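Here is the structure we will look at, set down as structure tokens.
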Amino acid sequence: MDLLCYPLMNEQQQERIKKLGSIKALGFDPFGKKFPATTAIKAIKDNYEESKIVTTAGRILAIRSHGKAAFLDLKDWTGKIQVYIKKDKVGDKLFQLYEAFDLGDIVGVKGALAKSKTGEITVFADDFTMLSKSLLPLPEKWHGLKDVDLRYRQRYLDLIVNNEVLDVFIKRTKIINYIRNFMGSKGFVEVETPMMHPVPGGATARPFITHHNTLDMDLYLRIAPELYLKRLLVGGMERVYEINRNFRNEGIDTKHNPEFTMMEVYQAYGNYEDMMEITEQLFVNLAKETFGGALKFKYGEKEIDFAPPWPRQSYMELFQKHAGCAWEDTEKVLAKAKELGLDLKGKTAEAIANDVFEKVVEPNLEGPVFLIDYPTAICPLTKAKSDKPEICERFELFINGMEMANAFTELNDPLDQRKRFEEQLARKTEGSVKLDEDFITAMEYGMPPAGGLGIGIDRLVMILTNSLSIRDVILFPTLREK
RNA sequence: GGGGGUGUAGCUCAGCUGGUAGAGCAACGGCUUUUUAAGUCGUGGGUCGGCCGUUCGAUCCGGCCCACCCUCACCA
């Protein structure tokens, strides 16, 4: 530590630096090495046996000092255990080391297990060592860290101090592992496709732009993996999925983070009905897995019921019901849009109608509910119904007003696909830079008819962990630079 | 971008009508060898988010700015 920064430090930091010195003077390394043969704290407690010798390590979260003895609370990521240090037992030198302990230090401890007077399982230490001296004071032990900005910026502190936070992220991992097993059991293969795209596609969002120096070309962080996964269908990979990040250069709120995790699934020779089945089954299984078999659970103030089968409602009918006019009735729809104060600049009638839909229908969808029968005009990658070409084979899943999944029977006619892309480009939809010629070429070689599905993993984790903000299920959400 | 809220010690928060600040935890020094939000006596710690203004005097009033939260708008 450079002594020049010494006067800049506050009182508590200076104290800790001093203690660092005394630890060295005692012959201990304040930033220790491998500490072998430790047992997880939960395992110690679960397999409690009086006077069994145990070794463990963790962070000190409380010190209750009694002069010539002390109780410590030691925490690892499985739990918390009490340690008792007595001067008579450990000797002067170790007791001096203990006196240089602060809240937040990481220490290793060895001792016999027993219960204290109040019945708490306690390690009666006969040896311990410093593994990492903490130079900054932790947030307060009782109230924890509440400032949400600090919680996201310094997630490590949030994890140390707020126990529920670790639980959420462990659950997140378990959910994703479950999904992988589930998909594997259905014969799907996980693949990885590029994050950097020469042509952004597969959705209509504004992309992030970056540049490759040696190739001297602009690249776009992907807004969706869709067009690459479909190339794999062309290549004969009949059941593929990818769980990975998408990047969209748009607004940030409690349901949107610029980088977020999606699962996309493609099943050759299937259609959107298959995707609906997979979705419902997967969500129901996950709820059972998460809530010990229960299908009803709380989300915020509301109760969500996953009991299948989930209702299916027609886009057009819902539109009629909530907007009070038919989707195709351009004049009335326009009037409604104006009434709602929507921005109509440069938008097609269909886009405006869809805006009205999102405004008047979506927030009311408590769900889980599958919206079906989307108008073909707003679905550039979706196959239309053969008997009713103005309607296409697509569904979106809504839970608590949030779009959770989006799926369709994939368009596999390259001529039609080119036409729709060109129409989209002509409308200059934001984010559509140019036509992905290679994707069309791939389709010209023949893409099997297929069902495709996208699931917002972060939002799924939100629902299953009762998290009201997407930032609570992303370890390091995007923040303004300080 | 509009509206509302918040910003005070390392953390969690008080602070009335304008007189340059308090508590708990944390820290430091005592006492304390079974406590668990340990106890107890004492001590230190602040650019009151920033700048400008009004005033004899501003944490407090006014203006501008910054950050975060909520909400609306924008954004498949």
Side-chain angles (χ1 to χ4, degrees), chain A residues 9-19 60-74 80-90 95 98-99 102-104 114-122 124 134-154 157-158 160-162 202-207 223-224 246 248-256 258 340-345 347 350-355 357-359 362-363 374 378-381 394 396 403 406 424 429-432 454 456 468-469 471 477 479-482:
Chain A
M9 296 187 298
N10 70 32
E11 172 203 18
Q12 298 201 38
Q13 290 168 270
Q14 293 183 26
E15 283 301 332
R16 284 171 184 243
I17 291 286
K18 268 193 227 160
K19 286 183 180 173
I60 300 172
L61 285 195
I63 300 175
R64 292 178 292 280
S65 143
H66 293 258
K68 295 183 180 61
F71 292 93
L72 312 183
D73 286 342
L74 205 64
K80 210 160 87 173
I81 198 165
Q82 177 167 268
V83 176
Y84 186 60
I85 291 173
K86 194 159 73 156
K87 193 173 185 182
D88 287 352
K89 190 161 185 191
V90 300
F95 203 74
Y98 148 74
E99 284 173 330
D102 280 304
L103 300 188
K115 288 191 175 161
S116 71
K117 229 177 220 172
T118 50
E120 172 138 358
I121 295 175
T122 302
F124 286 79
S134 167
L135 298 178
L136 291 169
L138 285 179
E140 200 224 17
K141 62 182 172 186
W142 188 243
H143 297 93
L145 186 63
K146 287 218 171 127
D147 184 319
V148 290
D149 189 43
L150 284 183
R151 286 187 46 224
Y152 299 143
R153 277 181 203 284
Q154 297 185 282
L157 291 181
D158 195 25
I160 292 169
V161 162
N162 299 325
T204 48
R206 267 179 300 179
I223 55 176
N246 289 346
R248 298 188 181 175
N249 203 341
E250 286 166 3
I252 298 177
D253 60 40
T254 47
K255 295 180 180 70
H256 299 85
L340 292 167
L342 296 176
D343 181 16
L344 310 175
K345 278 197 301 278
K347 286 188 176 164
E350 292 87 358
I352 291 169
N354 193 44
D355 285 351
F357 183 88
E358 286 178 7
K359 185 79 180 174
E362 288 185 4
Y374 276 70
I378 58 165
C379 313
L381 297 158
R394 172 183 181 184
E396 284 194 6
E403 181 191 339
N406 181 12
Q424 215 184 341
T429 318
E430 254 187 311
S432 44
L468 299 183
S469 167
R471 292 178 162 197
L479 300 170
R480 196 182 299 273
E481 197 178 22
K482 269 259 153 130

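Only a predicted model underlies this, so the values are computations on that prediction, with no experimental measurement involved. Residue numbering restarts at 1 for every chain, and letters A, B, ... go by the order of the sequence lines.
- Ranked by how close their nearest RNA chain B nucleotide is to the 5' end, A/Lys87 and A/Ser65 are led by A/Lys87.
- When distances run from any side-chain atom of A/Lys146 to the nucleotides B/U12, B/U34, B/C68, the shortest one goes to B/U12.
- No engagement by A/Leu138 is indicated, since no non-hydrogen atom pair under 4.0 Å with the nucleic acid exists.
- Using the six-membered ring where Trp is involved, A/His66 and A/Phe71 have ring planes that are perpendicular, over 60° apart on the 30 and 60° scheme.
- For the C1' atom pair drawn from B/G30 and B/A23, the interatomic distance equals 23 Å after rounding to whole Å.
- Within 3.5 Å, no donor on the side chain of A/Glu120 pairs with an acceptor on the base of B/U34, nor the reverse.
- Base pairing analysis places B/G1 opposite B/C72; the two distances defining the Watson-Crick or G-U wobble pair are each below 3.5 Å.
- Listed candidates were B/U34, B/A37, B/A76. Nearest to the side chain of A/Trp142 is B/A37.
- Nucleic acid contact for A/Lys19: sugar-phosphate only, since backbone atoms but no base atoms lie under 4.0 Å from a heavy atom of the residue.
- Counting any heavy atom pair closer than 4.0 Å across all strands shown, A/Arg471 reaches sugar-phosphate atoms only and no base atom.
- Not a single donor-acceptor pair, N or O on each side, falls under 3.5 Å between the base of B/A27 and the side chain of A/Glu15.
- If you take atom P in B/C25 and the same atom in B/U20, they sit 27 Å apart, rounded to whole Å.
- Of the two residues near RNA chain B, A/Lys115 and A/Gly144, the one whose nearest nucleotide lies more 5' is A/Gly144.
- Between B/A76 and A/Arg206, no contact under 4.0 Å exists linking OP1 or OP2 to a side-chain N or O.
- When the P atom is used for both B/A76 and B/A67, the distance is 25 Å, rounded to whole Å.
- Among the nucleotides B/G45, B/C75, B/U34, the one closest to any side-chain atom of A/Glu11 is B/G45.
- Here, B/A21 and B/G45 have their C1' atoms 13 Å apart, quoted to the whole Å.
- At a threshold of 4.0 angstrom between heavy atoms, the contacts of A/Asp147 are confined to the sugar-phosphate backbone, with no base atom among them.
- Side-chain proximity of A/Thr204 to the nucleotides B/U33, B/A76, B/G45 is greatest for B/A76.
- Across all strands, A/Phe357 comes closer than 4.0 Å to no nucleic acid atom at all (heavy-atom distances).
- Nearest to the side-chain atoms of A/Pro137 among the listed nucleotides B/G10, B/U33, B/U12 stands B/G10.
- Proximity note for A/Gln12 (side chain, C-beta onward) versus B/A26, B/C68, B/U12: the nearest is B/A26.
- Counting only heavy atoms from C-beta outward, the side chains of A/Ile121 and A/Gln82 never approach each other to under 4.5 Å.
- For A/Ser116, whose side chain is taken as the heavy atoms from C-beta onward, the closest listed nucleotide among B/U35, B/C68, B/C28 is B/U35.
- The side chain of A/His66 has B/U35 as its nearest neighbour among B/G10, B/A67, B/U35.
- The pairing partner recorded for B/C61 is B/G53, the criterion being a Watson-Crick or G-U wobble arrangement whose two distances lie under 3.5 angstrom.
- Counting only heavy atoms from C-beta outward, the side chains of A/Lys146 and A/Asn162 never approach each other to under 4.5 Å.
- At a threshold of 4.0 angstrom between heavy atoms, the contacts of A/Thr254 are confined to the sugar-phosphate backbone, with no base atom among them.
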